[in-house]
Novice: 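Below is a structure I'd like to ask you about.
It should be emphasised that the depicted structure is a prediction, and the values quoted were computed from it without experimental measurement.
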Amino acid sequence: QVQLVESGGGLVQPGDSLRLSCAITGRSLSTYHMGWFRQAPGKERDLVAAFPWTGITSTVYADFVKCRFVMSRDFVKREVYLQMNKLQIEDTAVYFCGAEQTLADKSSAWRYWGQGTQVTVSS
């Protein structure tokens, strides 16, 4: 089993930054991918960014966050992060941390999830 807990969300203004954190406990992540997803009310859960836990330069990003968001990890702390810059109103959503052995765009393919953290961007 893998347990994931997100934190770091909040209320910010357009142009502000936030860093989300995902704390990981449970089994080894050596064969897993880690991902960040977001879901707005009435919308599907969309992939934001993902990488293999053991990867270094293989991060993939959704087009709508490229050049604004950066995903990273701390191997010792077993945490993954999502640095979000130049936030816009359209980024408002619940952000989820996920884990899965196979990298996939569809959220339904991911096995493990945190409870999510709310990010609200408003002027």
Side-chain angles (χ1 to χ4, degrees):
Q1 296 293 316
V2 176
Q3 296 82 44
L4 309 171
V5 179
E6 305 95 336
S7 62
L11 174 63
V12 298
Q13 299 181 28
D16 285 353
S17 298
L18 281 174
R19 191 182 79 158
L20 306 183
S21 298
C22 176
I24 308 163
T25 59
R27 63 160 293 166
S28 172
L29 300 175
S30 62
T31 63
Y32 280 79
H33 289 77
M34 301 300 302
W36 284 99
F37 294 75
R38 71 185 189 184
Q39 186 169 24
K43 304 288 186 176
E44 296 184 349
R45 188 173 298 185
D46 296 323
L47 176 68
V48 175
F51 54 42
W53 174 250
T54 58
I56 299 176
T57 61
S58 56
T59 309
V60 297
Y61 295 96
D63 288 340
F64 55 81
V65 301
K66 285 184 177 178
C67 302
R68 294 193 298 127
F69 293 4
V70 178
M71 187 175 177
S72 61
R73 67 177 71 72
D74 187 311
F75 289 106
V76 176
K77 295 181 178 179
R78 288 170 60 90
E79 295 182 342
V80 295
Y81 311 99
L82 184 67
Q83 177 66 45
M84 305 186 294
N85 302 313
K86 300 180 180 179
L87 284 162
Q88 302 299 317
I89 294 175
E90 293 76 17
D91 296 316
T92 296
V94 177
Y95 284 72
F96 296 89
C97 181
E100 179 53 61
Q101 290 184 314
T102 302
L103 180 62
D105 291 334
K106 298 180 179 179
S107 62
S108 60
W110 292 65
R111 181 175 181 180
Y112 299 105
W113 296 98
Q115 294 301 304
T117 184
Q118 177 71 48
V119 173
T120 302
V121 185
S122 176
S123 61

Novice: Strictly by side chain to side chain donor-acceptor pair (under 3.5 Å), give each pair with a member in residues 100-115 just once, sequence neighbours left out.
Specialist: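 Qualifying pairs: Thr31-Gln101.
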Novice: For residues 113-123, which residue pairs pass the salt bridge (Lys or Arg N to Asp or Glu O under 4.0 Å) check, not counting sequence neighbours?
Specialist: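 As it turns out, there is no salt bridge (Lys or Arg N to Asp or Glu O under 4.0 Å) pair with a partner in residues 113-123 once direct neighbours are skipped.
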Novice: Is there any side chain to side chain donor-acceptor pair (under 3.5 Å) pair reaching into residues 1-11, and which pairs are they, with sequence neighbours excluded?
Specialist: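 Checked against side chain to side chain donor-acceptor pair (under 3.5 Å) - neighbours excluded - the pairs reaching residues 1-11 are Gln3-Thr25.
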Novice: For the OG1 atom of Thr59 and the NE2 atom of His33, what is their distance to the nearest 0.5 Å?
Specialist: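 Answer rounded to 0.5 Å: 10.5 Å.
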Novice: Find the distance between SG (Cys97) and CG (Leu20) and round it off to the nearest 0.5 Å.
Specialist: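 Atom-to-atom, Cys97:SG and Leu20:CG are 9.5 Å apart.
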Novice: Would you tabulate the side-chain donor-acceptor contacts of residues 116-123 under 3.5 Å, counting partners in other chains and residues two or more places apart, or write 'none'?
Specialist:
unit_1 : atom_1 : unit_2 : atom_2 : d
Thr117 : OG1    : Gly9   : N      : 3.1
Gln118 : NE2    : Ala93  : O      : 3.4
Gln118 : NE2    : Thr120 : OG1    : 3.3

Novice: Which heavy atom of Val12 sits nearest a heavy atom of Ser17, and at what distance?
Specialist: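 Closest approach of Val12 to Ser17: CG1-O, 4.5 Å.
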Novice: For a quick test of reading the model, state the closest non-hydrogen atom pair linking Pro14 to Ile89 and the distance between them.
Specialist: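 Closest approach of Pro14 to Ile89, heavy atoms only: CG-CG1, 4.1 Å.
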Novice: Determine the minimum heavy-atom distance between Val48 and Val65, stating which atoms define it.
Specialist: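 Looks like O-CG2, 3.5 Å.
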Novice: Just grab all the salt bridge (Lys or Arg N to Asp or Glu O under 4.0 Å) pairs involving residues 42-52, residues at least two apart or on different chains.
Specialist: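 Not a single pair qualifies under salt bridge (Lys or Arg N to Asp or Glu O under 4.0 Å).
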Novice: Can Met84 be reached from Phe64 by stepping across I, L, V, M, F, W or Y side chains whose heavy atoms are under 4.5 Å apart?
Specialist: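 Yes; Met84 is reachable from Phe64 via cluster members.
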Novice: Determine whether Pro52 and Leu103 make a side-chain contact, defined as any pair of heavy atoms from C-beta on separated by less than 4.5 Å.
Specialist: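 No, too far: nothing below the 4.5 Å cut-off.
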Novice: Looking at residues at least two apart in the chain, or sitting in another chain, which of them share a side-chain hydrogen bond (donor to acceptor under 3.5 Å, both in side chains) with Ser72?
Specialist: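 Checked Ser72 against side-chain hydrogen bond (donor to acceptor under 3.5 Å, both in side chains); zero matches.
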Novice: Apply the test side chain to side chain contact (heavy atoms under 4.5 Å, CB included) to residues Trp36 and Cys22: give CA-CA distance (whole Å), side-chain angles for both, the deciding distance (0.1 Å), then the verdict.
Specialist: CA-CA 9 Å; Trp36 284 99; Cys22 176; 3.7 Å; yes
Novice: Please lay out, stage by stage, how Ile24 and Met34 fare under the test side chain to side chain contact (heavy atoms under 4.5 Å, CB included).
Specialist: CA-CA 10 Å; Ile24 308 163; Met34 301 300 302; 3.6 Å; yes
Novice: Just grab all the salt bridge (Lys or Arg N to Asp or Glu O under 4.0 Å) pairs involving residues 77-91, residues at least two apart or on different chains.
Specialist: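 Those involving residues 77-91 are Arg38-Asp91, Arg68-Asp91.
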Novice: Mind checking whether Tyr95 and Phe51 sit in one hydrophobic cluster, side chains of I, L, V, M, F, W, Y counted as touching below 4.5 Å?
Specialist: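 Per the 4.5 Å side-chain linkage, Tyr95 and Phe51 are co-clustered.
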Novice: How long is the gap from CG on Leu82 to CZ on Phe96, to the nearest 0.5 Å?
Specialist: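 Result: 14.0 Å between the selected atoms.
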Novice: Could you tell me whether the side chain of Tyr61 and the main chain of Met71 form a donor-acceptor pair under 3.5 Å?
Specialist: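 Judged by distance alone, yes, a pair lies under 3.5 Å.
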Novice: Using side-chain contact (heavy atoms from CB on, under 4.5 Å) as the criterion, list what pairs up with Arg19, not counting sequence neighbours.
Specialist: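 With sequence neighbours excluded, Arg19 shows a side-chain contact (heavy atoms from CB on, under 4.5 Å) to Ser21, Tyr81, Gln83, given in chain and number order.
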Novice: If you look at every heavy atom in Trp53 and Val80, which pair is closest and at what distance?
Specialist: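 In this case the closest contact between Trp53 and Val80 is CZ3-CG1, 3.4 Å.
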Novice: With sequence neighbours left out, write down each residue that passes side-chain contact (heavy atoms from CB on, under 4.5 Å) with Val5, or none if nothing qualifies.
Specialist: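 side-chain contact (heavy atoms from CB on, under 4.5 Å) list for Val5, sorted by chain: empty.
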